[in-house]
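All values reported here derive from a predicted model rather than from experimental measurement. Numbers restart at 1 for each chain; the letters A, B, ... are given by sequence-line order, proteins then strands.
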Protein chains: 2
Amino acid sequence: MDPHLLATFVAVARHGSFSAAATELGYTQSAISQQIAALEADLGLPLLRRRPVEPTPAGARLLEHAAPLLLRLRAARADVLRAAARPRHRLRLAATPLSTGPVLARRLAGVRARRPRLEVALHTCGLDQVTAMVAEGEADVGLVDGIAAPSDPLRLPDAGPMTTARVSEEDLAVALPVDHPLAGRAALRLAGLVDARWVRSPLCPLARLRDLMGDPAGDGFPTGLEHTGDDVHTVLALVAAGHGLTLLPASALTPLVAGVPLAAPRLVHRVELLHGTLPPGTADLVKDLSG
Amino acid sequence: MDPHLLATFVAVARHGSFSAAATELGYTQSAISQQIAALEADLGLPLLRRRPVEPTPAGARLLEHAAPLLLRLRAARADVLRAAARPRHRLRLAATPLSTGPVLARRLAGVRARRPRLEVALHTCGLDQVTAMVAEGEADVGLVDGIAAPSDPLRLPDAGPMTTARVSEEDLAVALPVDHPLAGRAALRLAGLVDARWVRSPLCPLARLRDLMGDPAGDGFPTGLEHTGDDVHTVLALVAAGHGLTLLPASALTPLVAGVPLAAPRLVHRVELLHGTLPPGTADLVKDLSG
DNA sequence: TTCCCTTACGGAACCCGTAAATATT
DNA sequence: AATATTTACGGGTTCCGTAAGGGAA
């Protein structure tokens, strides 16, 4: 189970082709063929069906393990190197789009005011990428958001030992078109909305909602439209146009949409700060950010 | 970061000696020396100080990553092989000692009554070993227990993607010597016991209690005596002899000790069932066990 | 000196590229 | 026939064992 072989296996499975994987990895097709053969010999099982190239059941299982394993390997390397790295006067932040609410923006402003020479780089992307960037040391600190019961921690993808700290919790609102029949309500219950049409987007993970409603595998929260991307503005526009509902922190609402407070179950939009071993000199800085 | 090198690094660090690690792993000292040199060259950092052999700060960080990484690697291999394995009429259970309460024992009896030809092997050991055994396929199903807020899942060590299911939740009791001044109380609050003397044992993880009391790094729950082992009987004897208090599920109490219900915070002793990909034919069996 | 790790060196195994063979569409 | 994977083979590298070389107690 050489990680090297595991990585080529993942590449082959992703491309569905030995030759394409070879091109990506800078090997010859022959080398890829030999590597896959070596991996299959090691496990004593066929992992890929050929022509067309697709994983066998055993291969599919291995694929589920491979990516997180390789990530943790990179994360371990990054963490060790980071522990021995020089102090920087540069803070690299990775954040999910909704994590940068007013609470954090204010704290970040405070940090910058106190340290005028500090350079801050902020990159926004999806949850998995944020955790991966923090794990691999491409970002010093990550900011992630999600929906949770009050004072419950977020459930984050596992990329090795990392520290999390609560940054803020904020009320959730159901975003609706302004002319929606429910737009006038004072508050809404989630249970009454499981059959409404929802916009599926990474900003509002419906699977998480089903989970919280005690219906993990169920078919609640049907989606008329699926949006891929990290863009809050787009989602608001989709909701305003009547494509479906979504759940957002109250501070993210705009005049484009109507926002009705979510009454029950009691859920919050939670923001957490995420980091591995911090480079020397940034520890107090992180403390300022987490409050 | 070859896992092979990582494994020898762990062995060397554990033994504090190149030669001892060589003996354990079946290599010559020279080979070990070269492997460590290769790992240090790969990372560009010294990982071990020599004479005496002990990890550098960077090496210490790597050690924290290495063990879980190697476990996940073995777990991935086991999971893939398991997916292709033959059905067995043998169920191998691994369980923490307190996980086998009356609820589970009854269900297990039911399963055996319905499947007379089924052989059951049960091994009890600590939490980390149970998860490792399940991950590596040495056990088909694991049973683990812990203290949690009601209907909250347990926090388990991470050994790769595994499925957990709630088996039972039971009230907790504070175990006291029968002649203890508090033994007559109708109920006790945990907050009033943070300064009492406790028996530290794997059966009642005090770190977890501090965590639940919102004092993760604190010095609450002082211990007069530390017990290592998986033995409930011994812990009860220690408590009865006045070495300290402990927290146990009500069903584990014996006449040796007095048990006072825990009133606040509301905590339960929770048992969960843990398994990876199940061998064909055992899926329904697991469903019976989890209820 | 003794113990223990490091370095030098040689043989075997491994890994990848070239190129020919083979299988599927 | 065309495309894509497998196999054969050779050169270069890696890896481990033997054996000699150092440094600390």
With Ala21(A) via side chain to side chain contact (heavy atoms under 4.5 Å, CB included) - residues at least two apart: Ala11(A), Val12(A), His15(A)
Set of side chain to side chain contact (heavy atoms under 4.5 Å, CB included) partners for Thr164(A), sequence neighbours left out: Leu156(A), Glu272(A), Leu274(A)
Applying salt bridge (charged side-chain N to carboxylate O under 4.0 Å, His left out), name anything that partners [X], two or more places apart in sequence or on another chain.
X: Arg155(A); value: none
X: Asp79(B); value: Arg61(A), Arg82(B)
X: Arg208(B); value: Asp211(B)

Under the side chain to side chain donor-acceptor pair (under 3.5 Å) test, residues paired with His275(A) that sit two or more places apart: none
Pairs touching residues 24-37 of chain B that satisfy salt bridge (Lys or Arg N to Asp or Glu O under 4.0 Å), sequence neighbours left out: Arg14(B)-Glu24(B)
Pairs meeting criterion side-chain hydrogen bond (donor to acceptor under 3.5 Å, both in side chains) with involvement of residues 120-136 of chain A, two or more places apart: Arg74(A)-Glu136(A)
Where chain B begins and ends its contact with DNA chain D, read 5' to 3' at 4.0 Å from heavy atoms: dC16(D) to dA24(D)
Sequence neighbours left out, cut at 3.5 Å: what donor-acceptor pairs do the side chains of residues 33-48 of chain A make with other protein atoms?
residue, atom, partner, partner atom, Å
Gln34(A), NE2, Ser30(A), OG, 3.0
Gln35(A), OE1, Thr8(A), OG1, 3.1
Glu40(A), OE1, Arg50(A), NH2, 3.1
Glu40(A), OE2, Leu47(A), N, 2.7
Glu40(A), OE2, Leu48(A), N, 3.3
Glu40(A), OE2, Arg50(A), NH2, 3.2
Asp42(A), OD1, Arg77(B), NH2, 2.6
Asp42(A), OD2, Met1(A), N, 2.5
Asp42(A), OD2, Arg77(B), NH2, 2.8

Geometric class of the Phe221(B)/Trp198(B) ring pair [parallel <30°, tilted 30-60°, perpendicular >60°]: perpendicular
The helix from dT1(C)-dA25(D) to dT25(C)-dA1(D): angle between end helix axes, five pairs per end, rounded to 10 degrees: 30°
Annotated protein contacts, base or backbone, on nucleotides 4-20 of chain C with a non-hydrogen cut-off under 4.0 Å, one of B, S, - each: BSBBB-------BBBB-
